[in-house]
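Given the structure is predicted, the values throughout are model-derived calculations rather than measurements. Numbers here simply count residues along the sequence, with the first being 1.
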Amino acid sequence: MKIIERLETLRKLNRDPCWVNDDIFRLVCSPQLAVLAYERIKSKAGNMTAGEDNVTLVEISLEAVKEICLSIKAGTYSPKPVRRKFISKANGKLRPLGIPSPRDKIVQEMVREILEAIYDSAESLHFPNTATGSDRAEAYTRQFRSSRAGRAPNGL
């Protein structure tokens with residue numbers, strides 16, 4: 001898919017700290033990105049759960065995916081309310097769980113793909129010794145705190 005190449009190009013360009021992302025909205029409105037997002041989330045079992053509108057991901061057509069992109073482009077896209085469920089925890093208490101509609105899951109995945117292409121490429125430069133999980137979270141926390149204090153993270 002051409003969209004994967006565009007995301008890889010975005011990832012490479014964002015390795016340059018002087019690069020300015022000025023064409024992100026066009027990428028968000030891309031039907032190819034919406035199809036990629038659909039393909040990436042459809043294989044996860046939890047994503048087949050219906051949202052507040054009682055529609056499952058299987059019921060979303062290619063035409064509906066294109067309509068999502070058009071509504072984003074027109075500025076008329078609005079997320080649907082999240083369906084609220086309570087699931088049991090090991091200690092017997094209940095934990096709230098929000099289940100978004102399939103359309104919203106697709107949009108969330110589209111945005112995640114773009115943000116990952118932008119920020120994961122920069123991570124290797126700013127946080128060279130970080131791995132996944134808590135190390136990455138600590139590195140982001142350090143970056144946030146140092147930016148609030150007006151200095152670069154890790155003495156950069």
Practice prompt. May I ask whether L33 and L115 are part of the same hydrophobic cluster, defined by side-chain heavy atoms of I, L, V, M, F, W, Y residues being less than 4.5 angstrom apart, directly or through others?
Written response: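 Same cluster.
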Discussion item. Tell me whether I41 shares a hydrophobic cluster with L62, the cluster being built from Ile, Leu, Val, Met, Phe, Trp, Tyr side chains joined at under 4.5 Å.
Written reply: yes
Tell me, please, which residues at least two apart from [X] pass side chain to side chain contact (heavy atoms under 4.5 Å, CB included).
X   : answer
E59 : V55, T56
T76 : S71, A74
V65 : A34, V35, I60, I106

Discussion item. Can you list everything that forms a side chain to side chain donor-acceptor pair (under 3.5 Å) with E39? Sequence neighbours excluded, please.
Written reply: K42
Practice prompt. Mind running side-chain contact (heavy atoms from CB on, under 4.5 Å) on L7 and L27 for me, showing each step along the way?
Written response: CA-CA 9 Å; L7 290 170; L27 190 58; 4.0 Å; yes
Rounded to the nearest 0.5 Å, how far apart are [atom1] of [X] and [atom2] of [Y]?
X    : Y   : atom1 : atom2 : answer
I118 : L13 : CD1   : CG    : 10.5 Å
I3   : L36 : CD1   : CG    : 7.0 Å
I72  : F25 : CD1   : CZ    : 7.5 Å

Worksheet entry | Minimum heavy-atom distance between C29 and C69, given as atom pair plus value |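 Looks like O-CB, 3.3 Å.
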Discussion item. Test of understanding: with salt bridge (Lys or Arg N to Asp or Glu O under 4.0 Å), list the residues that count as partners of R95, not counting sequence neighbours.
Written reply: none
Practice prompt. Not counting sequence neighbours, which residues clear salt bridge (Lys or Arg N to Asp or Glu O under 4.0 Å) with E67? List them please.
Written response: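 So E67 forms no salt bridge (Lys or Arg N to Asp or Glu O under 4.0 Å) with any residue.
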Discussion item. With a 4.0 Å cut-off on N to O distance, would you call R11 and E8 a salt bridge?
Written reply: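 E8 and R11: salt-bridged.
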Worksheet item: Are any non-hydrogen side-chain atoms of M110 and I114 less than 4.5 angstrom apart?
Response: no
Fill in: Within residues 100-109 or reaching into it, pairs that qualify as side-chain hydrogen bond (donor to acceptor under 3.5 Å, both in side chains) - sequence neighbours excluded
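Found Y77-D104, S101-D104, E109-R112.
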Item to complete: Among residues two or more places apart or on two chains, list those pairs meeting side-chain hydrogen bond (donor to acceptor under 3.5 Å, both in side chains) that have a residue in residues 17-31.
Response: N14-N21, W19-N21, D23-R26
For residues 79-89, please give each side-chain donor-acceptor pair under 3.5 Å, one per line with the distance, not counting sequence neighbours.
unit_1	atom_1	unit_2	atom_2	d
R83	NE	A50	O	3.1
R83	NH2	A50	O	3.0

